[in-house]
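Let me begin by presenting the structure, written as structure tokens, before commenting on it.
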Amino acid sequence: MSTKLSSITKKKTSEKKFTPRIVVFACNWCSYAGADNAGVSRIQYSPNFRIIRTMCSGRVTPGMVLKAFKLGADGVLVSGCHLGDCHYIFGNHRAIENFERTQAIIKTLGLEEGRLRLEWVSAAEGPRFGQLIDEFVGEVTKLGPSPLNNSNRRK
Amino acid sequence: MDTTTAYLKKNRVFNCLECGKCTAVCPISRFNGTYSPRRFASRGIFYGSGDIGKDNLLWSCLTCKQCSLVCPANVNYSEFMRDARVEARAMGFSGNPSHSGALHYIMEMTASPDLKQQRTGWITEDLKTCKEGEILFFVGCLPYYQDFFSKDLDFSPIDIAKDSIKILNHLGIVPVVLEDERCCGHDFYWSGDLENFMKLAELNLKEFEKAGVKTIVTACPEGALTLKKLYPEQFGAVSYSVLHLSELIAENLDKFKLNEIKSRITFQDPCRLGRYLDIYEAPRKVMSAIPGAQFREMQRSGKKAVCCGTSAWTNCDSYSKQIQSWRLKEAKGVGADILVTACPKCQIHFRCANKNEENGKNIDIEIQDLVSLFASALA
Ligand code: SF4
Ligand code: SF4
Ligand code: FES
């Protein structure tokens, strides 16, 4: 887990234009399959994100999201099954609780609320997944680099 | 001399007589038979840091200093654990952080100089604060605890800060509250992460200087210890003095008019306030000044007080819970309705344990911060 996350957020090139690096947590049963669906259907969308598969969106603790931000992620998207569809019944309700807590912390830390998002994507919603990523990438690009993103720091 | 030998020497571990008194009083050993400070001391001597560094139990010590008080050889056990953790970190170990490390990540993020926190949103209009001046109220982690714990534990940690300001205002003090105060670094220090501790300390010291601070008041014993003792240890003399709010209230008791609070109360001495800072009298004075409140002492109180069971947000486990339940039952046993503590973390830990069910019932005792109790009595 730790090596995975840090390799995602590590600096790759010394690009001039800001291209956000986004971490996506997707649940195994719906959202990850939704992302697969987008790929299988050859939908074209922004490549600025790295996806981490979790068994359920309820598994994504505030600690995991905060770690991504600590390592310099410009945005984090947590994605699960639609309400009522969670394969562990109440997992995504837990995800909402966790999300609200993390959102509050992010705000206190002085990061913009828009850097963290919670979405529901089903296995059949490939196109929607692509659209969502495009939208989020656009939003985070507007916000600019996270103050914790060292590779984008201009001094 | 290699580093292990150096820190064993510095903390007088070689003097250990293997008497086992430390293990006899250690709250962790009481419930977790596999943990023994005596054994750790001998293992340090015989096998060095490699052996103890690999052991996950190294992170279970609460650094509560209970053992050092009874040690006939004057072994500085908690500092020994801290030094061993610095070494263990260098070997790539870091214990089991609780809450998937969330609190550690928050603390680490606040060590980034580019961050502009939004941590003063709780200051309502009735609370008078300022940006520059001689007296500073150090808020500590309360805004983050508010975000993280308030829903699960049905209480509002930030109220401790609000009540503190209320009390200060009552004394005619309009304290500085820093827009960009950082975590004090206490937990990094005790879990052996000196790098982050130093970063935070430097940022804080700069802010204190900028605001022209001469006196720092805080409601958090860990913050008080860190600012008062640990910063000067690392940076030499500092230009401010530090008071725990209970000391300030105790000195000025004649300036308050108090309403009656009819209840029986007892007090949990936080280890940093008691055994580390030697403040035992002030909180008791504050509590006995409240009319109607009957103060009852627990058997293990003052110097002998039992720690709240977890420290530095690491290795919180079933043994921690057992320590906490044991302590809550002790408080209930003296007939107290309210267990008063002077540390936000003690309250968080006890509130969590208070939800535990044993035989289908929870212990169910009210837990309150000293500052909030006092503020609620203000006429
Ligand atoms: S400092 Fe406290 S927890 Fe650690 S060994 Fe001593 S008594 Fe036990
Ligand atoms: S109390 Fe002191 S001398 Fe006795 S075993 Fe513990 S560390 Fe050694
Ligand atoms: S399995 Fe998809 S949200 Fe729980």
Side-chain angles (χ1 to χ4, degrees), chain A residues 1-6 9 23 25 52 54-74 76 78 93-116 143-155, chain B residues 89 92-123 139-154 156-158 161 177-183 188 193 196 199-200 203 313-314 316 348:
Chain A
M1 176 75 206
S2 67
T3 42
K4 234 176 160 183
L5 254 181
S6 49
T9 47
V23 174
F25 292 99
I52 294 174
T54 58
M55 284 312 280
C56 175
S57 62
R59 171 66 183 92
V60 184
T61 58
M64 290 158 81
V65 175
L66 291 170
K67 182 171 186 180
F69 279 115
K70 190 211 89 179
L71 291 167
D74 298 303
V76 176
V78 180
H93 290 275
R94 289 305 287 279
I96 296 177
E97 284 170 27
N98 279 338
F99 169 79
E100 282 170 356
R101 260 201 286 177
T102 321
Q103 189 73 287
I105 292 169
I106 303 265
K107 259 169 74 183
T108 311
L109 278 168
L111 299 174
E112 295 85 350
E113 270 175 82
R115 294 192 190 274
L116 176 62
L143 290 174
S146 149
L148 298 155
N149 180 345
N150 292 331
S151 63
N152 283 303
R153 194 190 292 173
R154 286 182 214 110
K155 272 263 153 79
Chain B
R89 258 181 208 281
F93 298 101
S94 56
N96 298 342
S98 28
H99 306 284
S100 344
L103 295 138
H104 295 257
Y105 297 133
I106 295 175
M107 296 187 272
E108 216 177 316
M109 282 190 260
T110 64
S112 162
D114 293 346
L115 208 66
K116 288 267 164 296
Q117 297 172 85
Q118 304 279 328
R119 46 175 297 145
T120 48
W122 53 272
I123 304 178
V139 182
C141 300
L142 290 170
Y144 293 106
Y145 292 168
Q146 176 72 17
D147 296 339
F148 202 82
F149 292 109
S150 57
K151 273 213 187 110
D152 289 349
L153 299 179
D154 321 309
S156 217
I158 202 69
V177 173
L178 292 175
E179 195 64 53
D180 227 356
E181 175 191 308
R182 309 288 164 144
C183 157
F188 281 137
D193 186 346
N196 278 310
K199 275 195 211 161
L200 290 167
L203 288 170
W313 306 114
T314 23
C316 176
I348 288 169

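The chains referred to below are lettered A, B, ... by the order of the sequence lines, with proteins before strands, and numbering in each begins at 1. Computed from a predicted model, the values in this text were never measured in an experiment.
- Of the listed residues (A:T61, A:T102, A:V65, A:I105), the one with the most heavy-atom contacts under 4.5 Å to chain B is A:I105.
- Here the side chains of B:D114 and A:L148 are not in contact, with every heavy-atom distance at 4.5 Å or above.
- What you find for A:P147 and B:S112 is that their closest heavy atoms are O-OG, 4.1 Å.
- Across every non-hydrogen atom of B:F148 and A:R101, the tightest pair is O-CD, 3.1 Å.
- Of all heavy-atom pairs between A:T108 and B:P143, the closest is CG2-CB, 4.0 Å.
- Heavy atoms of other residues, nucleotides or ligands lying less than 6.0 angstrom from CZ of B:R89 number more than 12.
- Your options are B:K116, B:Q146, B:E108, B:Q118, and the one with the most heavy-atom pairs under 4.5 Å with chain A is B:Q118.
- Taking all atoms of both residues into account, the shortest heavy-atom contact from A:L66 to B:M109 is O-CE, 3.4 Å.
- With values rounded to the nearest 0.5 angstrom, A:K70 atom NZ is found 6.0 Å from B:Y105 atom OH.
- Contact annotation for A:K107: only backbone heavy atoms (N, CA, C, O) come within less than 4.5 Å of a heavy atom of chain B.
- If you measure heavy-atom distances from A:E97 to chain B, you find no contacts under 4.5 Å at all.
- The part of B:D152 that comes within reach of chain A is its side chain, from C-beta onward, which places non-hydrogen atoms under 4.5 angstrom from that chain.
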